[in-house]
Amino acid sequence: PLTFISNLGAKLLQDEHNKDAKLSPFQPRPPSLPKPVGLGMGGKNISFDEKVRGRRLRNSQESLTDPGETGSSTDSLKEDTSSNGQGLASGCPLDLPPMETPSFRIRTDSFSETDNEHSDPNKERLKPSRIILSPLQSTGTYPPLENSAASTSLRTTNRIDRDCLDYSAVGRRGRGSERLQRNLSDSRLLDTMVSDNASVHSMKSTYSVLNPIRPRDVRNRSFLEGSVLGNGALLGAEELDRYFPERRLGIYVATWNMQGEKGLPCNLDDLLLPTDTDFAQDVYVIGVQEGCPDRREWEIRLQETLGPYYVMLYAAAHGVLYLTVFVRRDLIWFCSEVEHATVTTRIISHIKTKGAVGIGFTFFGTSFLFITSHFTSGDSKVYERILDYNKIIEALALPRNLPDTNPYRSTTSDVTTRFDEVFWFGDFNFRLNKARGEVEAILNQVMGADMSPLLQHDQLLKEMKEGSIFKGFQEASIHFPPTYKFDIGCDVYDTTTKQRTPSYTDRILYRNRQADDIKVVKYMSCLSIKTSDHRPVIGMFQVKLRPGRDNIPLGAGQFDRSLYLEGIRRRITRELKKREAAMKNQNNSTVCTIS
């Protein structure tokens with residue numbers, strides 16, 4: 001009986017062994033006994049980290065070599081049970097076929113036909129442990145892309161909004177691109193994005209400059225004042241870099257002697273928004289001499305032209321001298337309180353046709369002074385004009401409450417030394433020391449951009465070179481014809497009996513405390529506005545900015561709200577009238593076109 005029982009047990013064990021041998025090699029069973037230590041990686045003692053790295057490598061190879069990417073955790077179990085072909089159950093080798101280790105392939109390589117022909121049918125019956133979606137196939141051909149970077153299809157493909165053109169220009173610069181990526185959004189968001197220009201543009205289009213603020217940052221942050229060294233200070237370096245990665249502010253300066261005309265031009269776009277510029281500027285400063293009687297109407301027209309993106313930060317006047325400052329509405333929080341002062345150069349102080357008006361304020365940590373003035377007229381009154389200049393720099397009482405950002409370079413006798421960046425513009429009335437006929441002859445010869453033959457006779461350049469006026473100031477190169485004096489409504493110089501000599505009376509000068517703080521972008525005249533005997537002069541500049549300190553009194557975002565609403569209302573009304581006129585013309589038209 002004992003022999004029978006032993007034979008029966010051996011037979012049952014043999015049947016069970018044969019049954020297990022018929023199982024699919026891709027459905028391994030765990031070993032009956034625990035795996036001895038040291039047999040994990042070819043019989044060598046390995047650490048846990050090495051074991052994990054080895055398993056990750058095997059899994060990555062299986063995923064790369066599997067055309068359907070059907071590798072699963074069962075493959076790893078199968079490898080563990082094989083263990084160099086050594087079975088551990090009952091101390092005997094298992095009768096299982098050894099696993100074939102697939103050769104490593106690059107993801108982009110295709111599988112050969114021989115691999116598909118010799119594939120194991122058992123492998124084909126395997127189902128993946130996760131669902132793999134096949135790539136989407138296009139139902140039609142893609143639209144052709146234009147070569148122009150401004151094409152609509154190219155913008156749609158790259159997901160760049162129309163209002164983000166300036167960021168594409170910044171992204172092309174090396175250092176500016178890195179700073180833009182760091183400043184436009186939260187650092188945690190950037191960690192999940194690819195660090196390239198396309199990601200920066202997409203991020204800017206989606207998230208703008210408003211990054212999430214944590215409650216603990218709000219507790220530690222003062223939104224009304226901040227030190228240069230303070231993290232998150234409103235005027236600090238971090239905030240400055242977020243809005244101005246290059247730390248450059250675009251400033252637009254325009255000066256125009258209106259000759260006291262009541263009728264304003266129908267359109268001021270050419271004065272403020274010339275078509276040959278790529279971008280609008282951050283700050284617009286407009287100085288007027290002999291302004292129109294209705295100053296408020298002039299300011300409304302400026303607001304209407306600039307539109308809803310700009311607000312009037314401040315406006316000051318001295319008789320018929322008007323000075324107006326507009327700033328982008330999203331930058332108004334970084335402006336300090338604004339101060340202004342006036343000086344008259346007339347012997348009788350009640351007559352305010354000649355003199356100056358100045359406006360001073362601080363933006364972040366950089367102080368600005370804008371002065372518009374009207375000096376004494378007359379071809380030979382150079383000395384009187386120098387006296388006007390000296391009186392203005394001594395009597396213009398600025399700043400009053402604003403702190404001096406660099407008091408060591410300031411002097412009490414010159415207001416222009418008490419600000420970082422100074423722009424002085426207006427009708428200086430300096431003439432050309434040449435007869436009318438000779439000037440016209442030179443103009444006929446130099447109709448191009450080179451005006452040096454005329455400028456050799458310019459009174460202002462001569463006095464500046466001698467150091468008698470505008471000490472420390474600079475002027476951009478002049479490449480436009482004289483702006484005075486024209487017959488109204490045409491491009492012909494004075495044809496009256498006085499036959500005044502054409503001259504460069506209207507100028508824009510600038511001065512900075514630090515060298516190369518101000519860079520000239522454009523310096524030109526506006527020839528399309530002909531309602532006065534003067535042509536407006538326009539200057540565009542890029543100005544260096546620095547972080548601010550907590551001693552700067554902020555303006556708390558104040559601006560002229562009533563002027564803003566009236567200007568926008570007129571802008572909308574003008575557009576509606578244009579549409580109505582276009583509809584009437586379309587309804588009255590008897591010509592039918594098929595497109």
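For reference, positions follow the sequence shown, starting with 1.
Results of the ring-ring contact (aromatic ring centres under 6.0 Å, His included) test with F470 over Y510, F430, W424, F423 single out W424 as the only residue that passes. Under the salt bridge (charged side-chain N to carboxylate O under 4.0 Å, His left out) test applied with D404, the options R409, R418, R513 reduce to a single match, R513. The side-chain hydrogen bond (donor to acceptor under 3.5 Å, both in side chains) test with Q289 is passed by exactly one of N429, T353, T372, N257: T372. For the side-chain hydrogen bond (donor to acceptor under 3.5 Å, both in side chains) with D414, the qualifying choice from T411, T416, T417 is T416, the only one to do so. Partner F375 forms a ring-ring contact (aromatic ring centres under 6.0 Å, His included) with one of F425, Y389, F428 and no other, that one being F428. In summary, of the residues considered (L460, L455, V537), a side chain to side chain contact (heavy atoms under 4.5 Å, CB included) with Y504 occurs for L455 alone. With Y284 as reference, Y252 is the one residue of F541, Y309, Y252, F326 to meet the ring-ring contact (aromatic ring centres under 6.0 Å, His included) rule.
Taking the side chain as every heavy atom from C-beta outward, L313 and I332 approach each other to under 4.5 Å. Contact annotation: the side chain of W256 never approaches that of D427 to less than 4.5 Å [non-hydrogen atoms, C-beta and beyond]. Inter-residue side-chain proximity for D506 and P536 is flagged as unmet; no heavy-atom pair is nearer than 4.5 Å. At least one side-chain heavy atom of R247 sits under 4.5 Å from a side-chain heavy atom of K544.
E339 and Y314 share no donor-acceptor pair across their side chains, judged by distance under 3.5 Å alone. A donor and an acceptor atom, one from each side chain of E463 and S468, are located under 3.5 Å apart. At a cut-off of 3.5 Å, with distance as the only test, no side-chain donor of D420 or T366 sits close to an acceptor on the other residue.
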Taking it one step at a time, do Y310 and Y564 satisfy ring-ring contact (aromatic ring centres under 6.0 Å, His included)? CA-CA 8 Å; Y310 296 88; Y564 179 83; over 10 Å; no
Salt bridge (Lys or Arg N to Asp or Glu O under 4.0 Å) for E238 and R242? Distances and angles first, verdict last. CA-CA 6 Å; E238 181 181 350; R242 284 211 312 137; 6.0 Å; no
Are Y523 and F480 close enough, and set up right, to give a ring-ring contact (aromatic ring centres under 6.0 Å, His included), and what steps lead you there? CA-CA 9 Å; Y523 190 40; F480 51 88; 5.4 Å; yes
Could you walk me through whether R296 and D294 pass the salt bridge (Lys or Arg N to Asp or Glu O under 4.0 Å) test, one step at a time? CA-CA 6 Å; R296 187 66 174 180; D294 192 348; over 6 Å; no
Walk me through whether R570 and E297 qualify under salt bridge (Lys or Arg N to Asp or Glu O under 4.0 Å). CA-CA 12 Å; R570 290 195 185 185; E297 178 65 20; 2.7 Å; yes
Check the pair E575 / R571 against salt bridge (Lys or Arg N to Asp or Glu O under 4.0 Å), numbers first and verdict last. CA-CA 6 Å; E575 295 298 325; R571 188 182 180 94; 5.7 Å; no
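Heavy atoms of other residues, nucleotides or ligands lying less than 6.0 angstrom from NZ of K519 number 12 at most. Within a 6.0 Å radius of CZ in R561, no more than 12 heavy atoms belonging to other residues, nucleotides or ligands are found.
F559 and M312 get closest at one heavy-atom pair: CB-O, 3.4 Å. The two residues E475 and I508 come nearest to each other via the heavy atoms CG-O, 3.7 Å.
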